[in-house]
Visitor: 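My questions all concern the structure below.
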Amino acid sequence: MRRAEKVADGGKKNFCAADKFPMQREIIGKEKKGLDKLGKKGKLILTVAASLFVGVANGLFGGGGGMLVIPIFTLLLGMEEKLAHSSAILTILPLSLVSSIVYIIDGNFTVPDGLWVGGGVILGGLIGTFVMKKLSNNVLKIVFYTLMIVAGISTLIKNLG
């Protein structure tokens with residue numbers, strides 16, 4: 001039986017357009033938007049290219065790859081916001097370890113400062129993990145992208161001014 005809803009005025013049945021015209025539902029379902037137009041192979045190539053960019057940026061700047069990889073997970077791979085954030089941490093961990101080893105070997109690391117900052121980062125990471133569990137995906141998305149925009153603008157102002 002087709003989906004129908006009784007309407008308050010006389011009990012008439014209303015069918016949605018897709019129910020009256022089943023072919024229209026198939027056409028609507030196949031309509032591709034945004035990144036889906038690239039197809040599976042195109043998205044894979046774009047994902048690999050974006051990931052290489054994240055690795056280069058992390059190597060150049062000593063971090064920040066996690067913030068860059070989240071849009072890859074959400075926009076290219078279609079992950080929910082919370083899953084993307086937690087996956088980003090796990091993805092960046094090996095990259096950060098490799099970058100750290102290279103920096104230490106090159107003598108670009110001061111142990112006392114690194115330990116103080118590292119301790120704060122670990123504590124902040126634990127707090128952030130518990131806060132993230134309390135936020136909805138939409139709130140997390142707004143907070144994350146607002147933080148990225150504010151950080152970018154303040155860095156530009158600092159360096160250009």
Side-chain angles (χ1 to χ4, degrees), residues 18 23-161:
M23 290 299 293
Q24 185 176 10
R25 178 179 294 176
E26 290 177 28
I27 293 169
I28 291 170
K30 292 181 182 178
E31 190 175 316
K32 293 186 177 185
K33 297 178 182 176
L35 294 172
D36 290 334
K37 290 181 181 179
L38 295 174
K40 195 172 186 176
K41 187 176 179 181
K43 283 176 82 170
L44 177 64
I45 291 169
L46 188 57
T47 300
V48 170
S51 300
L52 286 170
F53 172 76
V54 169
V56 170
N58 199 72
L60 279 173
F61 307 124
M67 290 188 104
L68 297 174
V69 84
I70 290 169
I72 294 172
F73 284 138
T74 56
L75 299 174
L76 294 177
L77 301 178
M79 284 185 185
E80 286 185 352
E81 206 69 29
K82 287 183 181 182
L83 182 60
H85 284 262
S86 56
S87 298
I89 292 168
L90 196 57
T91 301
I92 293 304
L93 180 63
L95 176 61
S96 296
L97 289 174
V98 170
S99 297
S100 299
I101 292 167
V102 172
Y103 286 133
I104 290 168
I105 290 171
D106 287 345
N108 295 322
F109 180 77
T110 59
V111 176
D113 293 335
L115 292 176
W116 280 109
V117 171
V121 168
I122 290 169
L123 182 59
L126 290 171
I127 294 168
T129 300
F130 290 113
V131 170
M132 183 178 76
K133 289 179 183 180
K134 305 282 186 203
L135 300 176
S136 70
N137 280 321
N138 286 335
V139 170
L140 184 60
K141 187 184 305 185
I142 291 167
V143 169
F144 173 71
Y145 287 111
T146 301
L147 177 64
M148 286 190 65
I149 291 167
V150 168
I153 291 171
S154 65
T155 301
L156 281 173
I157 291 170
K158 179 182 173 185
N159 290 314
L160 296 177

Visitor: Enter the distance from S154:OG to I149:CD1 here, rounded to the nearest 0.5 Å.
Guide: 12.0 Å
Visitor: Any idea which heavy atoms bring P94 and T91 closest together, and the distance?
Guide: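 Smallest interatomic distance, heavy atoms only, reads CD-O, 3.3 Å.
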Visitor: Quick check for you: to the nearest 0.5 Å, what is the distance between I122 atom CD1 and I127 atom CD1?
Guide: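 It is 12.5 Å, given to the nearest 0.5 Å.
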Visitor: Mind listing the closest non-hydrogen atom pair of L135 and V139 along with its distance?
Guide: CD2-CG1, 3.8 Å
Visitor: Distance check, rounded to the nearest 0.5 Å: F73 atom CZ versus L83 atom CG?
Guide: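 Here the interatomic distance stands at 8.0 Å.
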Visitor: Counting only heavy atoms from other residues, nucleotides and ligands, does the tally under 6.0 Å from CZ of F53 exceed 12?
Guide: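 Not more than 12 within 6.0 Å, no.
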Visitor: Check S86 against M132 and note the closest heavy-atom contact, atom names and distance.
Guide: CB-CE, 4.5 Å
Visitor: Using every non-hydrogen atom in the two residues, find where T74 and Y145 come nearest and quote the distance to one decimal.
Guide: OG1-OH, 3.7 Å
Visitor: Can you give me the closest heavy-atom contact between F144 and M67, atom names plus distance?
Guide: CZ-O, 3.4 Å
Visitor: Drop me the distance from F109's CZ to L115's CG, to the nearest 0.5 angstrom.
Guide: 6.0 Å
Visitor: Could you report the tightest heavy-atom contact between I72 and V54, atom names first, then the distance?
Guide: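 Result for this residue pair: CD1-CG2, 3.7 Å.
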Visitor: Test I157 against I153 for side-chain contact (heavy atoms from CB on, under 4.5 Å), laying out the working first.
Guide: CA-CA 6 Å; I157 291 170; I153 291 171; 3.7 Å; yes
Visitor: Got a second to check how far I70's CD1 is from K141's NZ, nearest 0.5 Å?
Guide: 12.0 Å
Visitor: Mind checking the NE2-CG spacing from H85 to N137? Nearest 0.5 Å is all I need.
Guide: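 Answer rounded to 0.5 Å: 8.5 Å.
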Visitor: Only one of V102, I101, N108 passes side-chain contact (heavy atoms from CB on, under 4.5 Å) with I105; say which it is.
Guide: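 Of V102, I101, N108, side-chain contact (heavy atoms from CB on, under 4.5 Å) with I105 is met by I101 alone.
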